[in-house]
Amino acid sequence: MVTLGDYLIVSGILFTIGFAGVMVRRNIIIILMALELMLNAANLSLVAFSRFHVDPSGAPNYNAQVFVFFVITVAAAEVAVGLAIVVALFRLRQTTHIEDITSLKF
Amino acid sequence: MAITVPRPNLNWRERMFLPAIAAGLLITLKHFKNMILRRTKVTMEYPEEKWDPNLPEHYRGAPALVRDTDGRVRCVACQLCEFICPPRAIKIIPGEISKTDRFAKVEKYPEEFDIDMVRCIFCGMCEEVCPEQAIYLRKDYAITGFTREDMMHHKDKLLEIGGVMHGVVLKWNEKK
Amino acid sequence: MDYFFIGTSLIKIVCLLGFVLGLMNYAVYAERRVSALIQDRLGPNRVGPAGLLQPIADAGKFLLKEQFTPAHVNKLYYWLAPCLAMVPPVITIAVVPFGSTLFGVPMVIADINVGILFVFAIASLGVYGIVLGGWASNSKYPFLGGVRSSSQMISYELSLGLAVIPIFLLVGNLRLTSVVQYQIDHGWLIAPFIGDWTNLGKWLLAIPMFISFLVFIIAVLAETNRLPFDLPEAEQELAGGYHTEYASMKFGLFFLGEYIAMITGSGIIVTLFFGGWHLPGIPDGSHGWIFGLINIAVFFAKVAALIFLFMWVRWTLPRFRWDQLMRLGWLFFFEIALVNIFVVAIILIYFHL
Amino acid sequence: MSVFLFWIFALMMLVFGVAVVINRNPVASALSLVVSFLALAALFMSLDAYFIGIIQVLVYAGAIMVLFLFIIMLLDLRAEELRKINWVASAGGLAVALALMVQIFAVIGRFSLAKQTFPSLAKSTSDDVHRIGLLLFDNYNLPFQIIGVVILVATIGAVMLSRRETR
């Protein structure tokens, strides 16, 4: 049978992959994608905990799923703003490489 | 100089576009309905349904050589049609009629008479120009072939299409 | 494991898939005939009686043509894109209830409690085939088609989602079978006053439901790239759009995917607004297998009628310009669908429907 | 069967997650991320969270990733593939990530509940949309409204940022 630990480990590995992506890659868009991976790793463990924590009535604890819902919504907003910033940066500097964008003021 | 076409000012009902869309849909539905009820004239479905009975009197189809009532080829190889033919589809090799022949006064007959149906434009000028009324545009329109050679109408093919034509015979007439 | 469930599900999947693929081929044939009739022509009538074997000839032609891959394309994605275009609409059919019951087996492949969300989720994946096809072709016009397609789909998905919320305010459930059951009990949602003629609330409800229907059907037209909104493949401007570089069966998959999307879209519209398999006066499948078959036939007859509507619209209306399409989606349909939700909610509370 | 499916989808998610990071081509990265999210949605469904799974596909795969692809294509990022890799920085980043993973494993290893399997639910087809909706509009009403404001602000921000400078 699949245990809670299996889900947590998979979630942890996914988080690490996302983290490594943020650390290693130098393209802003890829970094944004890796951030999404990290958010989803958190979502996975939240849903796993929700399913693990069964009420006396026999239903999973939906509070965690509400949190996941919030995370997804905020992630959507974050991506919209993030990509708008990337487009604005690209218009100014013609690059999405973070090593080319080192000055604080344009 | 550019001409600025003024945009019409639409009132609110026209601005909704829905009545216009509905009217357009009704028009296409009317066409659909008329087609279903077979009220619209449509293209003839050719191989099943032939045009033959409705061909007009002076339809210009494939040009052909005709024989007279005595079975003689009326062409005298004067080569006027070859000369007039706009796309130069006609090629005639005349042959001489020997002095001893009954028709020696005719002098020439077409030894070979080729019409290249790839080139022919069915203009009817050969028919118009022929002094002997030997070439006619008949009502054949299904002229097909797999090769260019198939599309070359030789003398016997032309005579086969042409058949027999009644009426005046000038040069071949013995009495004249 | 419930072997009965698995067995019946497999039979349903195979039968429905076969039927829908056949329907798709004949939808292509019907499109050609209907367009011809609307334009005072005859259409394909050579192959077989009245041209009925034309789809088989077309399929044979698609399959036998050379599988040509241009040299400048991104090979993997170029081959992947047509498959991606075909798959989502086929998957979506799984949740549509296409009949009542037959021998006690419900005639829906997956009766899940998030039915309509599933439809939207899978339908939103349909854009990848087109975008990828446009991008992998590595050529101007397909690329423009792909970019147009992605922005168009994002714009119209909003209206699509908002247009169905009034229905779920009424039904109180996302399950598509309960939508059908609600319509059996309370009348079809396109005309909720039927059977309850004296109820003013139902007459008022008919107005927002009709608006909802209009917005939904227009959004479905935009999602399936049918003609007033076929900007991604506009022949006159983009030389065919995202499938310019495709030939033979790869083009065929794009082409047939569009028709399957049309069938699926019609099936969902029928389920949401026209009572699904329900026809007043005909009992459901629990009264005998003959009624079960009639219910399935009724469903597909309604789908066919809607497909005819799609074709009729296609051969009547001209294509929108790009900025008009965007303005229409964002500034008109989005707002009208949003206001519609409030109107329905007010009617529901005021009349206790 | 469910164990088999779990590992299939978990492996799929992780493999394509790695593909996101190591692909040089941004379009390939974005598509790998889509596949990874689809597998994640399957994992959510295996945890009986149907609503969340579908929302995952609808929002992430259907909207966010299309937006990513759209931006990648709009900016035409293919030229960036040829850049040289800074191996020292990459190795450092990987080392930090590995340290984090070791730490996570250690924490989960000590977590006693992690060895238990999931308790069974009362009925297999619970109406989770209904329950989540009730919670959302009842207990979490204020956060829900704040989320609405956040989305509004994000929309306005995105429009302002992507507007061209008019002089």
Side-chain angles (χ1 to χ4, degrees), chain C residues 1-2 6 74 76-77 80-81 84 87-88 91 95 110-132 134-136 138 142-155 157-158 160-161 168-169 171-175 178 223 242 330 334, chain D residues 1-2 19 23 25-35 37-38 41-42 44-45 48-78 81 123-134 151 155 158-159 162:
Chain C
M1 281 294 166
D2 191 347
I6 293 175
N74 193 329
L76 172 67
Y77 298 116
L80 194 65
L84 284 183
V87 167
I91 297 179
V95 293
D111 186 16
I112 55 178
N113 63 351
V114 284
I116 195 69
L117 284 179
F118 178 84
V119 171
F120 290 152
I122 302 297
S124 65
L125 297 182
V127 68
Y128 286 111
I130 292 171
V131 171
L132 211 57
W135 180 79
N138 196 7
F143 181 71
L144 276 176
V147 171
R148 278 185 177 191
S149 167
S150 59
S151 47
Q152 174 178 333
M153 290 224 175
I154 291 180
S155 313
E157 231 155 64
L158 279 171
L160 196 71
F168 297 104
L169 285 180
V171 179
N173 200 334
L174 292 179
R175 203 181 281 271
S178 28
E223 285 276 310
Y242 57 89
W330 285 106
F334 181 56
Chain D
M1 190 69 183
S2 81
N23 255 319
N25 186 341
V27 172
S29 276
L31 288 169
S32 314
L33 193 53
V34 172
V35 179
F37 283 161
L38 289 181
F44 284 163
M45 301 234 179
D48 296 301
Y50 300 105
F51 178 69
I52 296 297
I54 285 294
I55 286 287
Q56 172 85 13
V57 177
L58 184 61
V59 176
Y60 270 113
I64 293 182
M65 293 318 297
V66 177
L67 204 60
F68 264 111
L69 267 184
F70 186 68
I71 297 294
I72 292 169
M73 290 181 181
L74 209 65
L75 303 185
D76 199 15
L77 296 181
R78 266 172 286 178
E81 284 179 51
K123 47 185 167 54
S124 56
T125 54
S126 60
D127 198 356
D128 58 342
V129 187
H130 189 70
R131 301 284 296 271
I132 290 175
L134 277 182
I151 289 185
T155 314
V159 170
S162 55

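Order of the sequence lines fixes the chain letters, A, B, ..., with proteins taken first and strands second; residue numbering starts at 1 for each chain. Just so you know, these numbers come straight off a predicted model, no measurement behind them.
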Under 3.5 Å, side chain of [X] to main-chain N/O of [Y], donor-acceptor pair present?
X	Y	value
D/Tyr50	D/Phe44	no
C/Ser155	C/Ser151	yes
C/Arg175	C/Asp111	yes
D/Asn23	D/Asn25	no

(message) Report which part of C/Val131 has an atom under 4.5 Å of a heavy atom belonging to chain D: side chain, backbone, both, or neither.
(response) both

(message) Can you tell me which portion of C/Leu174 sits under 4.5 Å from chain D's heavy atoms? Options are side chain, backbone, both or neither.
(response) side chain

Against chain C, label [X] side chain, backbone, both or neither, depending on which of its atoms sit under 4.5 Å from a heavy atom there.
X	answer
D/Ala41	neither
D/Val59	neither
D/Leu69	side chain

(request) Please examine the side chains of C/Glu157 and C/Phe120, heavy atoms only from C-beta on, and report whether any two atoms are closer than 4.5 Å. (result) no

(request) Against chain D, work out which of C/Gly172, C/Gly161, C/Ser124 has the most heavy-atom pairs shorter than 4.5 Å and name it. (result) C/Ser124

